[in-house]
Amino acid sequence: MRAKYLLILTAILFTATVLNTALKERPTTNHLSAIKDTYISGLDDLVTNTENYSKSFSSISLAQLRSEFLKLRIQYKRQEPLAAYFDPEFVKDYINGAPLNSLERKADDNITVLTPEGFQILDEILFSETPNLEEAASLTALLAANLKKFKRFQGKLLVTDRHVFEASRFQVLRIFTMGLSGFDSPSLSQVMAEQKAGLETITFLMAHYYSFIDSKDAAISKRLKENLANAISYLEENQDFDTFDRVEFFKEHLNPIFEGLLNAQKVLGVETYYETSPLHQKHPVNYFAKNLFDADFLDKNYFVRYPKEEYNSKVIALGRTLFFDPVLSQNNQRACASCHSPEKAFTDGLKKSTAFDFKGTVERNSPTLINAVYADRFFYDLRVEVLDDQIEHVVVDHDEFRSSFLELNEKLAESDEYNELFKDAFPNLGAEPIKKYSISAALSAYITSLSRLNSPFDQYMRGELETIDSDVIKGFNLFYGKASCGTCHFAPVFNGLVPPTFEESESEVLGVPADTSNTTIDKDPGRIAGRIKESSEIFIHAFKTPTVRNIQWTTPYMHNGVYETLEQVVDFYNKGGGKGMGLNVPNQTLPEDPLELTTEEQRHIIVFMKSLSDLDSNPEIPIQLPVFANNKELNNRKIGGEY
């Protein structure tokens, strides 16, 4: 008996010792108080300095105004990792948003246009050839007031270890995808210095954790310190925007930091947003991804409505069959594959797709469906918010399928094979599984399965390829540097899905011409006609920013198919879009100034874009379609349609 009690007592003492040691090794709340105090103090200084700066416009020279403004920018960049993490909407709308008009998100039935505020519009004004100092002074005073309001609300925050690590990792993404592209620095005056400021803040934040990490895995702590220090040194030594090697910086410095932060968070046992979010909440970024170019960096499930468990192999197989079956159209001749052929990267190679019954064309060019799932809005005019709803627009459109779900339900139900396929794919839908829901879900599942993020460039950035053509690297550095392509086509999908949270799809007004004479703008109104609540003049001729992945297979280009070659496309941007070519495009969002790219530089950009190709050389296509026992004529329909 006595031996039994001794064993129990020993176990209790051992457990107490282990718990005591674990508590000593885990971060305490003291470091979080220090982090928050420093953050709020930094915001306080930024408010004071911005207020003082706003009062100096009448007393100092333009050169001094520019110099002092750049100091404020650096000050803001030191606060950005936490500020943009805790309140991204306020930061975007009032502190550091793009210098473009936008719509009020939560407005009522009235359309409210917001004029740009914050650092970016001030940067654009102050560094213009003829700066409007009166406007700049007014905007600076407004910025100071907004910063003061922002600081007041930030003071009420409860900062946790999870917040610190997530904010740091998202700042690394922000530095690469937005900072190094010059996205939020219109004048490009000090891009590298601003990214350095962001990394220095991460260095400060992590300094509060190194002793805790050391007690778990000293190697992780050592590598993270070294990677941060080396990245900062690289930025100090390479200041020129045009010649900066973004590929080397990412592979050798930024991504090791991104991965190292995750390793540190995991070894400390700090939770992620998966543990703290409501069970039903989904996140666009796979937090456990170790590389921006990982094939699973983005979570496909976030971008669709239906539950993840319904995207299984049976649902995808049913969706594939439906995709290639012209029975979905009223005349049983047109399938989804008619306009989205696998051999052409799921496009059709036409300027504009053929309309129903071969009578003319539809309004726009057929975009690729590869990686189409990675968006929060769909169609060129962004009129649909969920991929699944896009299917209905195609089904009912007069020029496309000219049908309805009621017709489809009845038609498909006449096939015993289809009934069995639907029952097998959707066992929870009972005896009548063919519905709008299941048709849309199956097609959406198939389109979602067309995710391809495994090009040679991806493999090189992940370290799976040791070498790649030097022209690819030159092209990427131009794409994300001098050519400014990366300010609209964001990595990793290289479309308009905005980093670092990847929750919003952008549109742009480019001034695309009606034909290659470049004398008139295309008449398509674009986004302004997509949805009533977006019928603002800022969206006239605005179109969704598409991916440039697999672009060598998706000719012709632009929403109207006006350009046949990539050389023509790059030349269009090089000239400053429609406005740069002399067209009347008052609301153009693309800068009209020529890029002054040489012929060789344009070639490098095209070589890079082609390195983003990963077309499936052996796409899976149904070898036969389900039969209809009581409608023999339908059994002669062609796989993929007649179009």
Side-chain angles (χ1 to χ4, degrees), residues 15 18-40 80-89 153-174 198 201-225 227-228 254-292 294 296-303 307-309 499-503:
T15 302
V18 171
L19 285 173
N20 187 45
T21 303
L23 288 172
K24 286 181 179 178
E25 291 174 346
R26 280 185 61 83
T28 64
T29 56
N30 292 335
H31 71 284
L32 292 173
S33 296
I35 287 172
K36 182 178 177 181
D37 288 347
T38 304
Y39 171 50
I40 298 303
E80 184 179 58
L82 293 175
Y85 172 79
F86 282 120
D87 199 340
E89 285 194 0
F153 284 104
Q154 294 293 289
K156 302 174 183 178
L157 290 172
L158 173 64
V159 180
T160 69
D161 296 316
R162 175 177 75 85
H163 296 149
V164 174
F165 277 94
E166 286 178 6
S168 297
R169 293 195 82 210
F170 279 105
Q171 183 66 20
V172 172
L173 295 175
R174 186 179 291 108
T201 296
I202 295 174
T203 300
F204 162 76
L205 294 172
M206 288 301 107
H208 293 82
Y209 294 91
Y210 287 138
S211 62
F212 306 120
I213 302 169
D214 282 340
S215 68
K216 302 286 187 180
D217 191 330
I220 290 176
S221 178
K222 183 175 183 289
R223 282 196 300 270
L224 185 54
K225 284 181 191 176
N227 288 328
L228 281 163
L254 269 190
N255 198 69
I257 294 170
F258 184 67
E259 182 178 354
L261 288 167
L262 177 63
N263 291 337
Q265 184 174 357
K266 288 165 72 174
V267 80
L268 288 176
V270 175
E271 70 276 11
T272 68
Y273 47 50
Y274 297 120
E275 289 79 46
T276 57
S277 302
L279 290 177
H280 67 276
Q281 185 175 347
K282 298 184 285 187
H283 301 273
V285 174
N286 168 16
Y287 194 77
F288 294 117
K290 295 181 178 180
N291 191 306
L292 174 67
D294 279 350
D296 64 349
F297 173 78
L298 293 172
D299 184 357
K300 293 181 286 188
N301 186 57
Y302 170 83
F303 300 96
K308 185 176 183 178
E309 54 272 16
T501 56
F502 302 94
E503 296 173 307

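Keep in mind that what you see is a predicted model, and the values were worked out from it rather than measured.
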Engineer: List the atom of A83, the atom of Y39, and the distance in Å for their closest heavy-atom pair.
Structural biologist: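 Closest pair (atom of A83, atom of Y39, distance): CA-OH, 3.2 Å.
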Engineer: Less than 4.5 Å apart, any side-chain heavy atom of E259 and any of N291?
Structural biologist: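 Result no, sub-4.5 Å side-chain heavy-atom pair not found.
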Engineer: Do L173 and P499 come close enough that some side-chain heavy atom pair is under 4.5 Å?
Structural biologist: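 Not touching, per the 4.5 Å side-chain cut-off.
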Engineer: Compare every heavy atom of P284 with every heavy atom of E503, then report the nearest pair and how far apart it is.
Structural biologist: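 Heavy-atom minimum between the residues: CG-CG, 3.7 Å.
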Engineer: Parallel, tilted or perpendicular: which describes the rings of Y209 and H31, with under 30° parallel and over 60° perpendicular?
Structural biologist: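 Correct class here is perpendicular.
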Engineer: Supply the atom-to-atom distance L224 CG to N263 CG, rounded to the nearest 0.5 angstrom.
Structural biologist: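 Separation between the atoms: 9.0 Å.
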Engineer: For F258, give me all partners under ring pair (Phe, Tyr, Trp, His ring centres under 6.0 Å), at least two apart in sequence or on another chain.
Structural biologist: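 Once residues adjacent in sequence are excluded, F258 has no partner under the ring pair (Phe, Tyr, Trp, His ring centres under 6.0 Å) criterion.
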Engineer: With rounding to the nearest 0.5 angstrom, report the CG to CG distance, L32 to D37.
Structural biologist: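 So the gap between those two atoms works out to 10.5 Å.
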Engineer: Indicate the atoms forming the closest heavy-atom contact of S168 with L205, along with that distance.
Structural biologist: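 What the structure gives for the nearest pair is OG-CD1, 3.6 Å.
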Engineer: Do Y273 and E166 get their side chains close enough for a donor-acceptor pair, meaning under 3.5 Å?
Structural biologist: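 Y273 vs E166: no donor-acceptor pair found between side chains.
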Engineer: With a 4.5 Å heavy-atom cut-off, do K282 and F303 have their side chains touching?
Structural biologist: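 No - every pair of side-chain heavy atoms lies 4.5 Å or more apart.
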Engineer: Once rounded to the nearest 0.5 Å, what's the spacing between atom NZ of K290 and atom CG of D296?
Structural biologist: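 Rounded to the nearest 0.5 Å, the NZ-CG separation comes out at 11.0 Å.
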Engineer: Nearest 0.5 Å, what's the NZ-OG1 distance between K266 and T272?
Structural biologist: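 Those atoms lie 10.0 Å apart.
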Engineer: Can you tell me how far NE2 of H283 sits from OH of Y274, rounded to the nearest 0.5 angstrom?
Structural biologist: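 So the gap between those two atoms works out to 7.0 Å.
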Engineer: With side chain to side chain contact (heavy atoms under 4.5 Å, CB included) as the criterion, how do I35 and H208 come out once you've worked through the C-alpha distance, each side chain's angles and the decisive distance to 0.1 Å?
Structural biologist: CA-CA 8 Å; I35 287 172; H208 293 82; 3.8 Å; yes
Engineer: Determine, step by step, whether F86 and L157 satisfy the side chain to side chain contact (heavy atoms under 4.5 Å, CB included) criterion, reporting the C-alpha distance in whole Å, the side-chain angles of both residues, the deciding distance to 0.1 Å, and the verdict.
Structural biologist: CA-CA 9 Å; F86 282 120; L157 290 172; 3.5 Å; yes
Engineer: More than 12 foreign heavy atoms under 6.0 Å from NZ of K222: is that the case here?
Structural biologist: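 No, because the 6.0 Å sphere around NZ of K222 holds 12 heavy atoms or fewer from other groups.
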Engineer: V172 vs R169, test: side chain to side chain contact (heavy atoms under 4.5 Å, CB included). Steps then yes/no.
Structural biologist: CA-CA 5 Å; V172 172; R169 293 195 82 210; 5.7 Å; no
Engineer: Taking all heavy atoms of R174 and all of P500, pick out the closest pair and write down the distance.
Structural biologist: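 Shortest heavy-atom separation between R174 and P500 comes out as NH2-CG, 3.5 Å.
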Engineer: Roughly how far, to the nearest 0.5 Å, is the OG1 atom of T201 from the CG atom of L228?
Structural biologist: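 Atom-to-atom, L228:CG and T201:OG1 are 11.0 Å apart.
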Engineer: Please name all residues satisfying ring pair (Phe, Tyr, Trp, His ring centres under 6.0 Å) with F502, sequence neighbours left out, ordered by chain then number.
Structural biologist: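 Listed in chain order: F297.
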Engineer: Tell me whether the rings of Y287 and F170 are parallel (<30°), tilted (30 to 60°) or perpendicular (>60°).
Structural biologist: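 Judged by the thresholds at 30° and 60°, the geometry between Y287 and F170 is tilted.
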Engineer: Can you name the closest pair of heavy atoms from I213 and A264 and give their distance?
Structural biologist: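 Here I213 and A264 meet closest at CD1-CB, 3.6 Å.
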Engineer: Tell me the closest heavy-atom pair linking L82 and A167, and the distance in Å.
Structural biologist: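 The answer is CD2-CB, 3.9 Å.
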Engineer: Quick one: do M206 and V164 satisfy side chain to side chain contact (heavy atoms under 4.5 Å, CB included)? Show the steps, please.
Structural biologist: CA-CA 9 Å; M206 288 301 107; V164 174; 4.0 Å; yes
Engineer: With no hydrogens and no angle check, is any side-chain donor or acceptor of K308 less than 3.5 Å from a backbone partner on K300?
Structural biologist: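 The answer is no, because no donor-acceptor pair under 3.5 Å joins these two groups.
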